[in-house]
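Residue numbering restarts at 1 for every chain, and letters A, B, ... go by the order of the sequence lines. Note that these values count all heavy atoms, side chains included, but never hydrogens, waters or copies made by symmetry.
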Protein chains: 2
Amino acid sequence: MSLVETDDIEGGESISLHQRILSDIRDRILSGAWAPGHRIPFEHELTAQYNCSRMTVNKALSQLAKAGLIERRRRSGSFVRQPQSQAAVLELHDIRIEVEALGLPYRYERLERLKRRSSAEDRTLLGLNASGPVLALEGLHFAGERPFALEQRLINLSAVAEADEEEFLDIAPGPWLIGRVPWSEAEHRIRAMAADETIADALDIDASAPCLVVERRTWSAEHPVTHVRFIYPAESHTLVARFTPSQG
Amino acid sequence: MSLVETDDIEGGESISLHQRILSDIRDRILSGAWAPGHRIPFEHELTAQYNCSRMTVNKALSQLAKAGLIERRRRSGSFVRQPQSQAAVLELHDIRIEVEALGLPYRYERLERLKRRSSAEDRTLLGLNASGPVLALEGLHFAGERPFALEQRLINLSAVAEADEEEFLDIAPGPWLIGRVPWSEAEHRIRAMAADETIADALDIDASAPCLVVERRTWSAEHPVTHVRFIYPAESHTLVARFTPSQG
DNA sequence: ACGGCGATTATGTATATACATATTGGAACG
DNA sequence: CGTTCCAATATGTATATACATAATCGCCGT
């Protein structure tokens, strides 16, 4: 009777039982065999099917519920949810890695470094209420001899005081910050823009050529840390995001 | 989606113990109190601290590990991971919702509908190996009287046969598919582009004006389902992605 | 018929226990 | 001195059990 019983000899993989239950059910949902609204077997039925304890089944179902694939209702059972899950995992690229993946030598070059009391615009960008010291950086990421991206960054020195001791002459502030400040939240804005003269000049492209602009704000435990704007020439860059609707 | 849910209802009532342990530890990590590399207390220490069983502590730590915040090593303990976690949750917008959020009336209009055997290009876009029937759709999303986005879509009819019975005259294929096909994986490509004449014409903008292009491929249980390309005039659109660090 | 109330049921959380597994530190041995 | 091997230890998984909680079913009395 049991759907299981036999060990998978083939893969040689030894996955845990609750993991196996989880992926069995997930596969049935994702394949469409169990449509949205379908009631999946009760815990005690799965307990019998897999010949295991309720805790084991419960672990699998709880994870599926947390992942949003199913909905659990007391006294009624567990049901396949509507595939409403419009969330996704986006991979954020490290520009160095991206450039080196192209087989080109990477280099960062600082254009400007300015410490100042935050202007109104700075505070808007960072999401700050109070005034305080900020570090404004501008730099170029190169792929070989060609400019690859222009970076305009603000760092909130009240949150990252150590940044004041760093010159950022040839190390990019992004990796530097990532290695030092744990971030708890971030926000991206992605848009297209025509290059103005300054940008065209820095990136060595035609004025009004299309550019991809990626802006990121980052917080660490409620405190704004940094705002950065990356500007890429349209030809040089495609953002790629690959994802699954939920956890596996 | 982050497994480290922050569903802290501010009423603060009745959260489970393992949930509280989890968020205690998460807060210490995100606030920086426990830096990357720091060894967090052993399970048996937390057991004593919270006066609970090891299973309860284990549940909290397992979730933190799955979320990528900590790394667990047998015989050594659990350690705060480097904040390398460059993954993010991206909200995928439903264009209708987006337009209506602007206070403008939304409308979808089909420009073209073509059923054909997949061309080589179709197969590349969809990620198909074998030939088969596809549905090629082109349509315009309107915000009020102005074109808001141009949509070019391929649907793999071998995966979604029902689509052949739908005209898609004034209902957009996106929401139609989401309500019908559970997707298991997707891939986005985002880039900037200058409008060519066809696009400029459809969107009623100047030729060579910058546009944001979002391409999405979707799979359901290993089968390619659809490829869609959204083209937005640069002024009309900013993609926003807000997220917390999760899975590595 | 109808409304209320208790019994039933499925899930939610937690406990104590057991054994498996990976890894480390140190003792034993050549 | 170095290598092998064992015991200690922390995590990984699973069991059986218990009680709490929410929702539903159906009985019962008016």
- prompt: For the side chain of B:Arg54 and the base of D:dG12, is some donor closer than 3.5 Å to an acceptor across the two?
  reply: yes
message: Taking A:Arg81 first and then A:Glu71, would you say they form a salt bridge - that is, a charged N and a carboxylate O separated by under 4.0 Å?
response: no
query: Considering only heavy atoms and no angle criterion, is a donor-acceptor pair shorter than 3.5 Å present between the side chain of B:Arg74 and the base of C:dT21?
result: yes
message: What is the distance, to the nearest angstrom, from the NZ atom on A:Lys66 to the P atom on C:dG12?
response: 11 Å
message: Assess whether a salt bridge exists between A:Glu215 and A:Arg217, defined as any Lys/Arg side-chain N lying under 4.0 Å from an Asp/Glu carboxylate O.
response: no
query: Given that B:His44 and B:Met55 both sit by DNA chain D, which one's nearest nucleotide is further toward the 5' end?
result: B:His44
field: Out of C:dA16, C:dG12, D:dA23, whichever nucleotide has its closest atom nearest the side chain of B:Ser53
entry: C:dA16
- request: Please state how far atom CG in A:Asn51 lies from atom C1' in D:dT13, giving the value in whole angstrom units.
  value: 16 Å
- prompt: How long is the line joining CG of B:Leu22 and P of C:dA14, in whole Å?
  reply: 12 Å
Integer-rounded Å distance: D:dT13 P and A:Gln19 CD: 8 Å
field: B:Ser78 side-chain N/O to D:dT11 phosphate OP1/OP2 under 4.0 Å
entry: yes
- prompt: Charged N to carboxylate O under 4.0 angstrom, A:Arg39 versus A:Glu45?
  reply: yes
Any B:Thr56 side-chain N or O less than 4.0 Å from OP1/OP2 of C:dT15: yes
task: Over all heavy atoms of both residues, which pair between A:Glu162 and A:Trp176 is shortest? Give the atoms and the distance, please.
output: C-CH2, 3.9 Å
Spacing between B:Phe42 atom CZ and D:dA10 atom P, to the nearest angstrom: 5 Å
task: Flag the pair A:Asn156 / A:Thr226 as yes when at least one side-chain heavy-atom distance between them is below 4.5 Å, and no otherwise.
output: no
message: What is the distance, to the nearest angstrom, from the CG atom on A:Asn58 to the C1' atom on D:dA16?
response: 14 Å
Whole angstrom value for the distance that separates P of C:dT11 from CD of A:Gln63: 16 Å
field: Upstream residue (5' side of DNA chain C) when B:Arg75 and A:Ile40 are each assigned their closest nucleotide
entry: A:Ile40
- request: Mind calculating the distance between CZ (B:Arg73) and C1' (C:dT21) to the nearest angstrom?
  value: 17 Å
task: Select from A:His18 and B:Leu61 the residue whose nearest nucleotide in DNA chain D is closer to the 5' end of that strand.
output: B:Leu61
